[in-house]
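Some notes on the structure that comes next.
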Amino acid sequence: MNRKEIEAALWADLRKSPTEVSITELGVVLHEIRHAIHHLQSWMTPKRVGSSLTLFRTHSEIVYEPKGVCLVLSPWNFPVNLTLDPLVSAIAAGNCVILKPSELSPNSNVVLRQIVSECFPPGEVSLFEGDATVAQELLSMPFNHIFFTGSPHVGKIVMRAAAEHLASVTLELGGKSPVVVDETANIDAAAAKISWIKLMNAGQTCIAPDYVLVHESCHDALVEKMKSKIIQFYGKTPAEIQQGPDLCRIISNGHFGRIKNLLDDATQRGATLAFGGETLENEKYIAPTILTNIPEESKIWEEEIFGPIVLVRKYKTPEQAIAIINAQPRALAMYIFSNDDRRTSKIIAETRCGGVTVNDCGPHFYNSELPFGGSNNSGIGKCHGEFGFLEFSNQRGVLYQAKWMPNTDFFLPPYGGKLRQWLLEGVVKWF
Ligand code: NAD
């Protein structure tokens, strides 16, 4: 299965530990393949649907057919998972596919190219390597569907290019995913899950918590617990944490500089460095970092952090937390830690985002029975399981008129005549 080659490539690209490779790359793809094999027959079987009384002599069905030739543009942060997962859905739906992974994960691309060339004839699935110019060259072609995973900024470029050929798009984007921790929550569990998912892949995860809104009564307890969890997970001293085998590095010098600038800007404006803050440019290393008391005008509130820095902010009332969330563009994910079901329902009902996990971080991503994707700024369309199959399928509606039906002119013009008008009015009521 090329496991060793994949692990070596991801270590070279991101210094990703083999355990994280299993959890976040291989495990996800293997599950998606098994799930598709198990359910494909049922997904692709034409679905008989009902019809209104006025169509009583007909029967109708939805037929699932491939969209055609599809383009998959994938990012570098989970290069195996986010290239092969959409491929599973695309070929399950019967399409031919061109893959273009990110130029920033070159070692993973070598293994991906090898896997693709071993498994598929080039006329069915091909992989093209290259940067934005290659992506734009591909985007100028008349694909039937484009599946893009990446930033909202490039998502807009992709959608503009797709409009040229009226290709359908799936945009799996990112955003600032919030966490709400209320005063009824299990603070120990919240601190463990937030710290783990935030620091996985060094925070370069689309569903990573970006900022934590915590009730003022448990703010200090949560911050202290998060500090102790980070020490427990990654090491007692800054040097031990940096040298440990489980923390990824930032993908490129450019991304390192962007995250460091956000951190410096926040601390210069007066944010409190509650934990971490160390950076090593030559290693593209940013330590697990917790910021509190972050001034609202800090740039770090304006963009997705996509690095190992978490913002912790106090709130007084649920309404205040909801208002803070709604002041941001719609996020990809949201997490709520609470033992109060009514409050949890209120927060879900009064906010909008792609997906939610309650009392944990991230597992809604792993359930193939749930649609995964964003909302507006965090994405368009859904993937995983049957939702991915449908995204790559044209759902054709087919209605069969009864063969025995005599050719009737009842609805045909001319429409005059009182009796006919009266009968038609009656029929319209049954539509
Ligand atoms: P990116 O948008 O910079 O790049 C993604 C892909 O687009 C790459 O293949 C790249 O070569 C291509 N590309 C870059 N510039 C382009 C251009 N001008 N024209 C055409 N194509 C171009 O994204 P990234 O930095 O690789 O990934 C980080 C972003 O992706 C974050 O915002 C993150 O939240 C998001 N993301 C979302 C998901 C999800 O499932 N929703 C998963 C992972 C990452």
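Reckoned from all heavy atoms, side chains included, excluding hydrogens, waters and symmetry mates. Both ligands and their constituent atoms are indexed starting at 1 by order of listing. In this text the structure is predicted, and so the values were computed from the model without any measurement.
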Closest approach of any protein heavy atom to atom 39 (C) of ligand 1, naming residue and atom: Cys206 SG, 3.4 Å

Nearest-neighbour protein heavy atom for atom 24 (P) of ligand 1, which is reported as residue plus atom name and distance: Trp76 NE1, 3.3 Å

From the candidates Gly254, Pro101, Ser151, the one that places a heavy atom nearest atom 23 (O) of ligand 1: Ser151

Protein heavy-atom partner closest to atom 21 (N) of ligand 1 - residue, atom, separation in Å: Ala135 CB, 3.2 Å

Cationic N near anionic O, under 4.0 Å, Lys67 to Glu391: no

For ligand 1, the portion of Phe78 having any non-hydrogen atom under 4.0 Å away: neither

4.0 Å heavy-atom contact, Phe372 with ligand 1: yes

Ligand 1 versus Leu104: contacting region, heavy-atom distance under 4.0 Å: neither

Winner among Gly150, Ser378, Cys383 once heavy atoms are compared against atom 30 (O) of ligand 1: Gly150

CA sep, side-chain torsions, deciding dist, call: Thr184, Ser338, side-chain hydrogen bond (donor to acceptor under 3.5 Å, both in side chains): CA-CA 5 Å; Thr184 69; Ser338 173; 3.3 Å; yes

Centroid-centroid distance, Phe392 to His145, less than 6.0 Å: yes

Proximity flag Gly379 to ligand 1, non-hydrogen atoms under 4.0 Å: no

His59 side-chain N/O to Leu399 backbone N/O, donor-acceptor pair under 3.5 Å: no

For atom 28 (C) of ligand 1, the protein heavy atom that lies nearest, with its residue and separation: Phe306 CE2, 3.5 Å

From CA spacing to verdict: salt bridge (Lys or Arg N to Asp or Glu O under 4.0 Å), Glu137, Lys100: CA-CA 11 Å; Glu137 190 71 25; Lys100 210 298 280 172; over 6 Å; no

CZ-CD distance between Phe275 and Glu224, expressed to the nearest 0.5 angstrom: 10.5 Å

Proximal ligand 1 atoms for Asn77, defined as those under 4.0 Å from one of its heavy atoms: 43 (C), 44 (C)

Which residue and heavy atom of the protein sit nearest atom 7 (O) of ligand 1, plus the separation: Phe148 CE1, 3.3 Å

Glu303 vs Arg258, side-chain contact (heavy atoms from CB on, under 4.5 Å): CA-CA, chis, key distance, verdict: CA-CA 11 Å; Glu303 59 180 278; Arg258 182 188 66 79; 2.9 Å; yes

Ionic contact status for Glu183 with Arg343, cut-off 4.0 Å: yes

Proximity to ligand 1 by part of Leu173, non-hydrogen separation under 4.0 Å: backbone

Aromatic ring pairing His39/Trp43, orientation class (parallel under 30°, perpendicular over 60°, tilted between): parallel

Atom 27 (O) of ligand 1 [closest protein heavy-atom partner, distance rounded to 0.1 Å]: Pro75 CB, 3.6 Å

Residue, atom name and distance, where the atom is the protein heavy atom closest to atom 18 (N) of ligand 1: Gln136 NE2, 3.3 Å

Donor-acceptor pair between His255 and Ser252 side chains, under 3.5 angstrom: yes

Proximity of Leu332 to ligand 1 by residue part, where a heavy atom lies under 4.0 Å: side chain

Ligand 1 contact on Glu304 by region, counting heavy-atom pairs under 4.0 Å: side chain

Top protein contact for atom 22 (C) of ligand 1, by heavy-atom distance: Val154 CG1, 3.4 Å

Under-4.0 Å heavy-atom contact with ligand 1, by part of Ser74 that carries it: backbone

Ring geometry between Phe365 and His384 (parallel below 30°, tilted from 30 to 60°, perpendicular above 60°): perpendicular

Contact atoms of ligand 1, heavy-atom distance to Thr149 under 4.0 Å: 5 (C), 37 (C), 38 (C), 39 (C), 40 (O), 42 (C), 43 (C)

Side chains of His153 and Ser151, donor plus acceptor under 3.5 Å: no

Any Leu73 heavy atom less than 4.0 Å to ligand 1: no

